[in-house]
Amino acid sequence: MKNKKWLLVIVTIVFICNIGIWSLTKFAKIDKLVQKKACKFLEKKLNADVEIGFFTFNDKQAGISDFSITENNKLYNIHIKQVYIEYNLPKLIYSRFKNLKAIKKITIIEPVLELNIQASNSKKTKKNKLPKFENFFRELVITKGKLDLSYLSTKIEFSNSWDNFDLSLVNSKKSELELTAFDSNSKLTVSALLQNGEILKHKIIIKELHPNLLKITALDSIDAKINLNASYNKTDGLQYHGSFEDAFIKKSMIVASSPHIRWHGNKLKTIIDSEILFHNNQGIIQGEIDNIFKPYRTIKADVNFVDANPKALLKQLDGKILLHLKMSGAVFSPTIDYSVSAENLLAYDNKFSNLDLTGNIYFDKISFDLNKAYWQNNLITGNGIYNYKSGLTANLQSNDFTYNYDDFSLSGNVQNTLKYHKAFTSDMKIDNLKLSHSKFTLNDLSFTANMENSIIKAKLEKSSKDLDLDFNYDVKSDTLLAKLKLRKFDL
């Protein structure tokens with residue numbers, strides 16, 4: 001009988017406590033007071049503006065509606081339609097709200113999370129440790145969420161949205177995280193095991209991610225679908241493989257694409273081995289990127305094209321060439337050394353053979369050395385530079401140059417400087433010139449010619465000064481004006 005009395009007393013006390021809490025929340029407006037205190041606490045801890053539309057609680061759970069957090073530096077914004085927090089109130093009160101494990105479960109419904117990540121430009125970046133989630137609530141569940149993610153650095157700009165975002169975080173001695181996010185085309189899944197603010201292991205899978213925005217400062221444009229499978233554990237470290245599908249890259253006149261660019265690697269090195277299309281010419285790229293997760297990453301790669309046709313790059317060229325590109329240096333501003341060889345090449349309706357060309361590309365500047373090329377059995381060498389802003393300058397020369405046409409022939413040492421920027425110009429000089437015909441021969445001649453804006457100005461003279469010929473020729477109107485001087489001239 002006595003035990004029944006004690007049971008009755010305990011039930012009465014619990015009932016009175018519940019009635020008391022209910023009365024306090026309803027009549028003393030303690031929920032408004034807690035709401036105000038909670039907002040101030042969160043604003044101070046998070047450096048953010050915090051708003052709670054509606055707040056209510058009892059001895060078992062709290063409910064929050066229209067909950068929003070706006071970080072003052074605009075690093076993130078959160079708006080949540082509904083939050084339910086289940087807790088053990090006596091444990092919370094006894095620990096003065098320090099025992100967060102007394103929070104049994106947090107359920108967040110229809111959150112919208114905007115996360116803006118800005119990369120640090122410092123070489124010495126401080127490693128940010130994760131919170132010790134196992135010291136917090138027992139379980140966190142997020143359902144029907146939306147995630148907007150953006151990343152910005154001096155080199156890359158990226159953003160994407162997922163309309164369906166779910167997360168589960170279960171805490172015991174360790175924390176187990178499960179996250180899924182997907183839209184109509186792509187899917188992101190993350191699973192991780194954490195302890196003491198460190199990741200013990202994780203697995204990240206991205207399928208068919210086509211970002212809303214993807215920009216790289218070194219390129220005019222880039223587009224691709226991203227696939228990734230990455231895993232980490234203490235024993236093996238970070239391992240990953242993936243691909244860029246339907247990739248497209250444009251830089252000034254250079255256009256490259258690939259149906260699949262495959263890569264794999266670890267924390268220190270990323271290996272690339274894939275096919276690539278360069279102006280519709282198929283090639284192979286093989287290389288590696290060092291320290292891809294650090295701000296100052298470098299690349300070493302070789303790109304080879306066999307039987308490529310340069311006509312897609314310049315319509316006045318036609319033939320089959322061997323093209324080799326060697327990339328080195330910073331990933332987003334590498335130096336590119338290249339070599340071009342061809343047995344036969346048609347350029348501006350002229351046939352060249354045994355072409356050997358090497359050069360260098362850096363930013364918007366292309367330099368080249370013409371080691372050899374043969375035109376009608378004449379060896380031509382030279383060098384030059386091309387800049388996207390200032391155009392082309394090339395210096396060509398051929399010693400002992402000979403040219404035959406019917407009964408006419410000429411020979412000499414030729415030098416020519418070509419320039420092209422909006423208009424074509426040429427400065428030619430021929431020394432030790434010899435002109436021969438079936439009926440006469442002229443020796444010790446020199447010839448200079450300048451072409452600019454379709455006007456050719458030329459001068460032919462003999463070293464003895466007994467022959468002097470000046471002429472102007474207008475290519476557009478096909479008109480010629482010539483002036484000939486002869487002084488004791490003798491054939």
Side-chain angles (χ1 to χ4, degrees), residues 75-82 106-117 119 130 133 139-153 156-171 174-194 199-216 221-233 236-249 257-267 270-275 289 292-293:
L75 296 178
Y76 63 86
N77 296 316
I78 303 172
H79 181 79
I80 303 172
K81 187 174 182 179
Q82 295 283 345
I106 301 174
T107 303
I108 298 175
I109 301 173
E110 295 186 29
V112 177
L113 171 60
E114 297 178 13
L115 184 59
N116 304 308
I117 303 172
L130 294 169
F133 291 111
E139 185 179 2
L140 168 67
V141 175
I142 299 176
T143 61
K144 300 179 182 179
K146 180 180 179 181
L147 175 62
D148 293 332
L149 174 65
S150 67
Y151 174 85
L152 180 64
S153 72
I156 301 175
E157 186 176 358
F158 166 92
S159 69
N160 196 67
S161 298
W162 289 273
D163 294 329
N164 298 278
F165 166 56
D166 296 309
L167 181 143
S168 170
L169 180 62
V170 179
N171 295 319
K174 299 175 183 178
S175 299
E176 296 181 19
L177 172 70
E178 297 286 341
L179 180 150
T180 60
F182 59 92
D183 54 28
S184 57
N185 298 311
S186 66
K187 185 176 181 180
L188 166 69
T189 60
V190 179
S191 60
L193 185 66
L194 308 98
I199 300 174
L200 302 181
K201 64 178 182 179
H202 73 62
K203 189 172 184 64
I204 302 172
I205 298 175
I206 297 174
K207 291 184 178 179
E208 296 291 315
L209 172 60
H210 192 192
N212 301 133
L213 175 67
L214 180 60
K215 289 183 178 180
I216 296 178
S221 62
I222 180 172
D223 188 40
K225 293 179 182 178
I226 303 170
N227 290 313
L228 172 67
N229 192 316
S231 61
Y232 168 83
N233 60 58
D236 301 323
L238 177 65
Q239 305 287 332
Y240 54 87
H241 64 269
S243 65
F244 295 122
E245 304 291 322
D246 301 325
F248 174 86
I249 296 171
S257 63
S258 176
H260 313 284
I261 298 179
R262 293 173 291 274
W263 35 268
H264 65 275
N266 52 40
K267 181 180 179 181
T270 303
I271 307 299
I272 304 170
D273 186 354
S274 193
E275 296 177 354
I289 299 174
I292 195 169
F293 297 103

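Since this is a predicted model, take the numbers as computed values, not measurements.
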Query raised in the report: Checking Thr180 side chain against Thr189 main chain: does a donor-acceptor pair fall under 3.5 Å?
Result: no
Requested in this report: Please list, chain by chain and in numerical order, all residues satisfying side-chain contact (heavy atoms from CB on, under 4.5 Å) with Glu176, sequence neighbours excluded.
Outcome: Leu193
**Report entry** Distance in Å, Leu194 CG paired with Leu200 CG, rounded so as to fall on 0.5 Å steps
**Finding:** 7.0 Å
Query raised in the report: Rounded to the nearest 0.5 Å, how far apart are CD1 of Ile272 and CD1 of Ile261?
Result: 8.0 Å
Report task. Could you tell me whether Lys267 atom NZ has more than 12 heavy atoms of other residues or ligands within 6.0 Å of it? Result -> no
Requested in this report: State, with a plain yes or no, whether a side-chain heavy atom of Leu140 is found less than 4.5 Å away from one of Leu167.
Outcome: yes
Query raised in the report: Is there a side-chain contact between Leu149 and Trp162 (heavy atoms, below 4.5 Å)?
Result: yes
Report task. Could you check Phe248 against Ser221 for side chain to side chain contact (heavy atoms under 4.5 Å, CB included), going step by step and ending with a plain yes or no? Result -> CA-CA 8 Å; Phe248 174 86; Ser221 62; 3.7 Å; yes
**Report entry** Minimum-distance pair of heavy atoms, taken over all atoms of Ile206 and Ile226
**Finding:** CG2-O, 3.7 Å
Report task. Indicate yes or no for a side-chain donor-acceptor contact from Asn164 to the backbone of Lys144 under 3.5 Å, with no hydrogens or angles considered. Result -> no
Report task. Check salt bridge (charged side-chain N to carboxylate O under 4.0 Å, His left out) between Lys201 and all other residues, then give those that pass, not counting sequence neighbours. Result -> none
**Report entry** Test item: Phe165 and Phe182 side chains (from C-beta on) under 4.5 Å apart, heavy atoms
**Finding:** no
Query raised in the report: Atom CG in Asn233, atom CG in Leu238: separation rounded to 0.5 Å?
Result: 10.0 Å
Requested in this report: Give the ring-plane orientation class for Tyr232 versus His202, where under 30° counts as parallel, over 60° as perpendicular and anything between as tilted.
Outcome: parallel
Report summary line: The side-chain hydrogen bond (donor to acceptor under 3.5 Å, both in side chains) partners of Asp223 (sequence neighbours excluded) come to His210
Query raised in the report: Mind checking what makes side-chain contact (heavy atoms from CB on, under 4.5 Å) contact with Ile109, not counting sequence neighbours?
Result: Gln82, Tyr84, Thr107, Thr143
Requested in this report: Report yes if some heavy atom in the side chain of Ile156 is under 4.5 Å from a heavy atom in the side chain of Lys215; otherwise report no.
Outcome: no
Query raised in the report: Taking the side chain as C-beta and beyond, is there a heavy-atom pair between Ile204 and Leu188 under 4.5 Å?
Result: yes
Query raised in the report: For residues Lys203 and Asn229, is any side-chain donor paired with an opposing acceptor at under 3.5 Å?
Result: yes
**Report entry** Val170 to Ser168 - nearest heavy-atom pair and separation
**Finding:** CG2-OG, 4.0 Å
Query raised in the report: Rounded to the nearest 0.5 Å, what separation is found between the CG atom of Asp183 and the NZ atom of Lys146?
Result: 10.5 Å
Requested in this report: State, yes or no, whether a side-chain contact exists between Val141 and Ile108 at a heavy-atom distance under 4.5 Å.
Outcome: no
Query - Atom pair NE2 (His79) and CD (Glu110), whose distance is rounded to the nearest 0.5 Å - result: 9.5 Å
Query - Contacts of Asn212 that satisfy side-chain contact (heavy atoms from CB on, under 4.5 Å) - sequence neighbours left out - result: Ser159, Asn160, Ser161
**Report entry** Flag side-chain contact, heavy atom, 4.5 Å: Leu213 against Tyr151
**Finding:** no
Report task. Check whether any side-chain heavy atom of Ser231 sits under 4.5 Å from a side-chain heavy atom of Tyr240, and report yes or no. Result -> no
Report summary line: To the nearest 0.5 Å, atom CD1 of Ile216 lies from atom CG of Leu214 at 5.5 Å
Requested in this report: Applying side-chain contact (heavy atoms from CB on, under 4.5 Å), name anything that partners Asn227, two or more places apart in sequence or on another chain.
Outcome: Lys207, Glu208, Ser243, Glu245
